[in-house]
Amino acid sequence: MVGPAPGGGSPLENANPLIYRRSGERPVTSREEDDELPDSIDDREIFDLIRSINDPEHPLTLEELNVVEQVRVKVNDAESTVVVEFTPTIPHCSMATLIGLSIKVKLIRSLPERFKVDVHITPGTHASEHAVNKQLADKERVAAALENSHLLEVVNQCLSARS
Amino acid sequence: MLQEEEVTHLVLFYENRLKDHHLVIPAVLQGLHALSLCEVLAPGLAVSVLKAIFQEVHVQSLPQLDRHMVYSIITNFMRTREEELKGLGADFTFGFIQVMDGEKDPRNLLVAFQIVRDLILKDYVLGPFVEELFEVTSCYFPIDFTPPPNDPHCIQREDLIVSLRAVLASTPQFAEFLLPLLIEKMDSEMQSAKLDSLQTLGACCTIYGQKELQEFLPSLWSSLRREVFQTASEKVEAEALAALRGLSACLSRSVLSSDTEDLLDSFLSGILQDCRHHLCEPDMKLVWPSAKLLQAAAGASFRAGHRITSSVVPLLLEQYNQHPQSSQRRTILEMLLGFLELQQKWRHEDEEESALLCSRASLCSVLFSALTDSSVQLQLVGIRALTVLGMLPGLLAPPDVQLVVDHLTRLVLHADDSQSCAAAMEAAGSLAPIYPGAFSGRMVQRLAEELQSEREEGRRSTQSLQALAAVSTHPRIVRETIPVLLQCLRQVQTGNVPAEACDMVAVCQSLQRVAVQCQRDAESCWYYHQTVVPCLLAVTVQAAMQENAHLPLGKVLLEEEVLTAMVPVISAASSHLCPELAAQSVSQLVPLFLDGEVSFLPQDSFPCPFQPFQGGQHVAAQRRLVALLMAFVCSLPRNVLIPQQDRLLQELLALSCSCDCPFTATAAAKCFAGLVNKYPAGQQLDQLLETAVSRMEAGLAEGPLRSQALTLLLWVTKGLVLRYHPLSSHLTDKLLGLLGDAELGPAVADGFSLLMADSPDVLHKGCHADVRIMFRQRFFTDSVPKLVQGFHAAGPGVKANYLKGLSHVLNHLPRPVLVTELPTLLSLLLEALSCPDRVVQLSTLSCLQPLLLEAPHVMSLHVDTLVTKFLGLTSSPAMAIRIAALQCVHALTSLPIPVLLPYKPRVIRALAKPLDDMKRLVRKEAVVARGEWFLLGSPGR
């Protein structure tokens with residue numbers, strides 16, 4: 001489970017991507033401000049967790065590149081499951097594994113432990129979809145990848161708040 | 001003091017020494033510098049000194065300080081011997097060019113740039129050396145300088161940029177050299193170079209004319225277009241647009257002679273040609289950049305605006321009709337709105353010539369179609385565009401105005417979306433003053449009917465009430481809406497229509513909004529005051545008298561929340577009265593309360609006398625109306641005399657200490673404090689306060705009315721603290737003492753927030769109270785040491801009161817003051833974290849959060865306590881505390897990393913729990929904090 005180093009002087013694979021509009025901050029409702037009423041974890045909340053992840057190549061977020069979309073996020077709070085589909089910008093994107101890993105790590109760090117997190121590529125949008133999905137689903141390999149300090153560095157960069 | 005002759009000798013001596021060995025040159029320059037400051041320097045000597053320097057000294061091989069000396073000598077002479085120096089002609093310019101050629105030190109450059117600027121602005125002869133002078137300065141462009149760390153001279157990059165720009169953009173003579181340079185730098189990859197070039201171009205446009213620009217216009221335009229089309233940063237885009245606006249303005253300014261072509265026209269034609277077709281492309285990819293360019297060029301002058309608008313607006317209208325999707329239509333309409341807004345800038349110019357005149361009909365039909373579209377976003381843009389169009393003179397024909405009014409009325413009453421409804425109300429408010437006839441005739445009438453039927457059917461009438469207030473922006477309309485609103489109150493009082501308190505509050509809110517809108521116009525203000533205040537008093541007095549009757553009509557009007565909602569109405573209606581009218585009104589109102597003079601009220605049959613200040617239990621309801629008296633007398637301008645003021649004050653004092661209804665007692669106390677705050681200083685005031693203090697002390701000592709006495713003490717203290725009255729510190733001490741009182745302590749602690757906060761109804765700037773700006777800081781410095789001392793001395797049961805009081809004081813202090821003062825209070829704050837009181841916890845957390853960010857090193861000494869306490873508070877029952885605690889955990893990450901690392905596993909584990917908090921807002925903070933802690937000490941942060 002190793003992606004190539006991003007940047008590193010090699011030309012960008014998709015140098016001129018289409019840029020999408022960012023959705024604004026979620027407006028706070030009066031229900032959310034009420035101390036007593038519980039708010040369940042919904043699709044938008046999960047989407048808000050991952051939409052600001054930085055792309056490893058571009059100075060843009062996954063949302064701006066349309067790699068993640070709210071319609072491709074499904075959460076079931078009662079059953080503690082989250083399913084996220086992401087769409088690489090081009091079918092041969094070599095960053096797909098890395099992007100998937102970043103999404104997965106972000107969700108693992110941000111969600112209660114009870115959740116089972118499933119991150120995979122939107123069907124039919126990537127050449128080696130199956131292989132990438134398999135890597136992302138394998139707990140051992142995800143754990144091993146995060147032991148690799150170089151890979152961890154890249155993932156952390158993707159997850160750092162943009163200054 | 002040196003004589004002229006001595007000076008001459010010295011100068012000649014020094015000049016000769018310039019030819020001497022290079023080691024003596026620094027000393028010589030110092031001497032000459034001193035002499036250049038002499039007032040008695042003989043004519044001609046300045047020139048000879050400069051000539052000698054130019055000839056004998058190779059300035060750039062001297063050390064920095066000596067070079068600086070040379071620049072100072074030149075500056076001194078330029079200041080005092082301008083005429084002589086000009087006599088040198090172009091030689092002086094040339095000499096200076098040689099002096100500064102190759103200068104590298106930023107300190108010297110700042111002086112040298114200033115000299116060049118003076119050379120140009122004071123019309124020294126540049127002769128054949130224009131290009132040389134340009135070269136010797138422009139070689140620094142764009143400035144690439146980073147001040148060294150710990151630079152004692154504090155020269156910033158920005159200083160150099162600004163002073164170089166002042167040189168380059170000081171004369172049109174540089175244009176032929178500068179413009180190619182700017183174009184080259186705009187085309188470079190460096191963003192800072194781009195920005196600097198664009199800003200310099202903008203500065204040049206203010207002094208250049210057609211002649212300078214002509215040759216370079218095509219390449220300037222293509223560079224600017226590229227920056228906007230392929231924008232990499234918003235800053236560059238904004239500067240490019242500003243530069244384009246500058247160019248267009250510059251070309252618009254030039255006077256046309258008959259034989260030259262109109263450069264503006266051809267320039268704008270080029271822009272239109274390059275941008276127009278993007279507006280029509282179906283994928284709409286470059287529409288926004290094109291629209292921005294066109295709007296920048298159009299915004300420069302009336303002429304430019306006319307040229308572009310008359311070409312683009314018809315096109316956009318056509319595009320609107322060709323695109324059926326509402327998202328595309330919205331984009332087109334947003335662009336159209338931009339062009340309409342530009343027209344507002346020039347509306348004072350000849351309106352016959354408005355470029356929009358010929359598209360008027362199709363413009364209206366497009367906007368009306370947007371207003372009836374199902375997309376809320378499209379409706380919103382449509383409403384805004386219609387507002388702008390309506391404010392442009394002569395563009396809405398009378399039938400269109402009626403349609404606009406009907407559409408807005410429909411949206412206000414029937415829009416499904418609250419945003420559209422609010423936007424329609426706002427639009428009505430903006431357009432009503434321009435078309436008062438149409439709005440009063442159609443809209444107000446319609447709203448009044450709607451209101452009436454809603455009331456009869458017992459429905460909520462929020463929209464109609466709000467809309468009535470929103471549209472009351474013209475005196476003529478106010479005269480129609482006020483009676484409608486007041487009618488709602490009268491109907492309740494006569495019992496025709498049942499009502500709940502919240503309906504009445506809504507009516508009062510609308511009335512208040514109208515009052516604020518009337519404040520600008522003296523006549524409306526007086527009309528409002530005369531109509532509304534007596535009516536409110538009449539209905540409430542009437543209701544108060546019926547309290548013991550069999551069927552209490554209009555009892556709802558006397559409920560606390562309704563009376564509280566009436567207070568700002570009366571206050572807003574009274575605070576902007578002119579003194580004469582205020583005096584007239586006060587002479588009716590005060591006797592009403594003191595003597596029961598009801599004659600000025602619009603109703604004439606009252607079943608019993610109105611005597612709120614007389615004893616007896618049956619007047620309890622009447623006494624509540626003291627709140628309305630407070631709203632009136634406390635809002636008057638300070639120069640209005642209140643008749644029988646001392647009697648009134650005594651009555652208020654007595655009422656506030658003796659009334660067992662907290663609402664009435666508080667109103668009386670506030671009224672008393674509001675009047676005391678404005679009372680002129682002197683013996684009378686002192687006596688008054690003496691009486692008040694003795695009554696309070698008696699009340700506080702014992703008995704059932706202790707809390708009333710405390711309320712009075714709090715309000716009087718506030719009134720005096722605000723005006724820096726000397727007695728205020730005595731009263732504050734009294735309050736500090738009461739913090740230790742087992743019974744009253746908690747109430748006193750809460751009272752500190754009352755002292756520090758802005759009160760909404762009395763004792764604020766808007767009602768002409770005497771408020772000194774620094775009162776909070778002053779109160780802080782006076783009271784905090786005593787609070788801290790009291791805390792340490794207090795028994796365990798009442799310690800929390802002191803912490804709470806302190807919390808309130810800190811909460812209301814301006815942030816910058818707080819951060820400098822907090823370190824001294826740190827140990828107390830850490831103790832406060834363990835206090836079970838939620839107010840204390842919350843305020844302590846909000847104090848510590850900025851401190852963590854701004855003084856991380858002080859805070860890192862306490863990291864152990866902080867981590868433990870913060871994590872503990874993340875499971876507080878109060879959501880606000882959990883959020884604040886998580887924000888503090890997040891702020892902890894700004895402490896030095898080695899201090900934090902030992903805690904990392906523990907914090908990450910502990911934060912797993914709030915990730916599953918039942919409240920979304922808490923989870924959000926937990927995610928942010930936990931994410932940041934994960935990154936601590938990890939690669940790639």
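Below, read A as the first sequence line, B as the second, and so on, with proteins coming before strands; counting in each chain starts at 1.
Nearest heavy-atom pair across A:D35 and B:M918 is O-CE, 3.3 Å. A:L37 approaches B:K919 most closely through the heavy-atom pair O-NZ, 2.7 Å. In this structure, B:A912 and A:E113 approach most closely via the heavy-atom pair CB-OE2, 3.9 Å. Here the closest non-hydrogen pair linking B:R930 and A:I108 is NH1-O, 4.0 Å. Taking all atoms of both residues into account, the shortest heavy-atom contact from A:S110 to B:L915 is O-CD2, 3.2 Å.
Of the possible donor and acceptor atoms, one in the side chain of B:R923 sits under 3.5 Å from a partner among the backbone N and O of A:D39.
Options A:R114, A:E33, A:R31, A:K106 differ in how many heavy-atom pairs under 4.5 Å they form with chain B, and the most are formed by A:R114. Note: A:L152 leads A:L152, A:V155, A:D77 in heavy-atom pairs under 4.5 Å with chain B. Counting heavy-atom pairs closer than 4.5 Å to chain B, the top residue among A:D34, A:D48, A:L159 is A:D34.
Separating the CZ atom in A:R109 from the CH2 atom in B:W933 is a distance of 14.5 Å, to the nearest 0.5 Å. One distance of note links CD1 of A:I41 with CG of B:D916; it measures 5.5 Å at 0.5 Å rounding.
No more than 12 heavy atoms of other residues, nucleotides or ligands sit less than 6.0 Å from atom NZ of A:K116. When the shell of 6.0 Å around CD of B:E426 is examined, it contains 12 or fewer heavy atoms from other residues, nucleotides or ligands.
Heavy-atom distances place both the backbone and the side chain of B:R920 under 4.5 Å from chain A.
Put simply, the side chain of B:K924 does not reach to within 4.5 Å of the side chain of A:L49, judged on heavy atoms.
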